[in-house]
*Asks:* 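Sharing a structure below in structure tokens format, with a few things to ask.
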Amino acid sequence: MKKFLAMAMASVMVLGVVGCSSSSSDSADETEETEGEETDELDGVEATAGENGVLVMGCSADFPPFESYADDAQTIEGFDVDMMEEICSRLGLELEIVDMNFDSVVIAVQTGKIDVGVSGITITEERQENVNFSDSYYTAAQSILVPQDSEITGYQQLVDGDYTVGVQLGTTGDIMASEALGDRVNQYEKFSDALAALLAGKIDCMVLDTGVADAFAAANDLVVLDENFGTEDDIEYYGIAVAKENTELLDEINAALADMKEEGFFDELNAKYSE
């Protein structure tokens, strides 16, 4: 994953991870329409902002190297998980992880179903209307993932042509590609579904976060174009989503992040996931 440092797959299930050891609908109207859709995947989950010693984290576990299932098909692992385990260790909490569709994560935070949303979520003004974000912990961009024999060589060629694109619903890649390419964009609930479509030749390319694109390319003999999707103004900053009312938790998370950055934790994490 050569680009990972430079820009420094899954049924629905809930599992607990001991913390002391290892993006989304943006409007209130959409929240009302989709809140009921997350009932099953959050059944039995209770967010208490750490008051019972547990911090509930929501993610979409099809986003390697940030969060995905390990070889046992049960344990969720990755960059975000390691980070949150460290934060929970510093706060004296146990981490519980809930796997859900990406476009449900911010809504679940906003409605109090989970304590934090951590799934490579880009900080945007629209999302900030519904939740608060921690200080940024990772800088990313959108990459273009293509087969080895693809005719697509760059961003502008993709925009000007008639190529079809696969994205994950609710992600920044979805938003950016839909604005630039219109009805040529195919939306999937999971990145793994978009990847399967690309490998089957049903779409011409994918638009997704750089680190994830690198992981998919390495595992599936695909190519990440040197040119990103968009411009320099489209650089993204990942943050931890916290409910508006949980200001104390947000302050604690930010303090932990600051110490972790100063102590070199993220340098080690970047090195681990760039191998």
*Asks:* Just wondering, more than 12 heavy atoms not from Asp160 lying within 6.0 Å of its CG?
*Replies:*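 Atom CG in Asp160 is packed in, count exceeds 12.
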*Asks:* Going by heavy atoms in the side chains, are Val106 and Val109 under 4.5 Å from each other?
*Replies:*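 A side-chain contact under 4.5 Å is absent here.
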*Asks:* Test salt bridge (charged side-chain N to carboxylate O under 4.0 Å, His left out) on Asp135 and Lys261; report intermediate values, then the result.
*Replies:* CA-CA 11 Å; Asp135 296 333; Lys261 291 175 182 177; 5.6 Å; no
*Asks:* Please check this pair: side chain of Asp80 against backbone of Gly120, looking for a donor-acceptor N/O pair closer than 3.5 Å.
*Replies:*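 Yes; at least one donor-acceptor contact below 3.5 Å.
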*Asks:* Quick check on Gln157: does its CD atom have over 12 non-hydrogen neighbours (other residues, nucleotides or ligands) under 6.0 Å away?
*Replies:*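 Yes - once you tally the heavy atoms of other residues, nucleotides and ligands closer than 6.0 Å, there are more than 12.
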*Asks:* What pairs of donor and acceptor atoms, side-chain ones from residues 179-187 against any protein atom, are under 3.5 angstrom apart with sequence neighbours left out?
*Replies:*
{"residue": "Arg184", "atom": "NH1", "partner": "Leu158", "partner atom": "O", "Å": "3.1"}
{"residue": "Arg184", "atom": "NH1", "partner": "Gly161", "partner atom": "O", "Å": "3.1"}
{"residue": "Arg184", "atom": "NH1", "partner": "Tyr163", "partner atom": "O", "Å": "2.9"}
{"residue": "Arg184", "atom": "NH2", "partner": "Val159", "partner atom": "O", "Å": "2.7"}
{"residue": "Arg184", "atom": "NH2", "partner": "Gly161", "partner atom": "O", "Å": "3.2"}
{"residue": "Gln187", "atom": "NE2", "partner": "Asp174", "partner atom": "OD1", "Å": "2.9"}
{"residue": "Gln187", "atom": "NE2", "partner": "Asp174", "partner atom": "OD2", "Å": "3.1"}

*Asks:* Do Met57 and Glu67 have side chains that approach each other closer than 4.5 Å (heavy atoms only, starting at C-beta)?
*Replies:*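 Yes, close enough: below the 4.5 Å cut-off.
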*Asks:* Give a yes or no answer on whether the side chain of Asp234 reaches the backbone of Thr231 with a donor-acceptor pair at less than 3.5 Å.
*Replies:*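 Such a contact is found between Asp234 side chain and Thr231 backbone.
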*Asks:* Under the ring-ring contact (aromatic ring centres under 6.0 Å, His included) rule, what pairs show up with a residue in residues 233-260, not counting sequence neighbours?
*Replies:*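 Sorted pair list: Phe66-Tyr238, Tyr138-Tyr238.
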*Asks:* Does any part of the side chain of Phe79, heavy atoms only, come nearer than 4.5 Å to the side chain of Phe266, both counted from C-beta?
*Replies:*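 A side-chain contact exists here, since the closest heavy-atom pair is under 4.5 Å.
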*Asks:* Measure from the side-chain N and O atoms of Lys190 to the backbone N and O of Ala61, and report whether any donor-acceptor pair falls under 3.5 Å.
*Replies:*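 Absent.
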*Asks:* Just wondering, do Leu250 and Asn254 contact through their side chains at under 4.5 Å, heavy atoms?
*Replies:*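 Yes, their side chains come closer than 4.5 Å.
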*Asks:* Checking Ser119 side chain against Ser60 main chain: does a donor-acceptor pair fall under 3.5 Å?
*Replies:*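 Yes, because the side chain of Ser119 sits within donor-acceptor range (under 3.5 Å) of the backbone of Ser60.
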*Asks:* With sequence neighbours left out, write down each residue that passes salt bridge (charged side-chain N to carboxylate O under 4.0 Å, His left out) with Glu262, or none if nothing qualifies.
*Replies:*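 Salt bridge (charged side-chain N to carboxylate O under 4.0 Å, His left out) list for Glu262, sorted by chain: empty.
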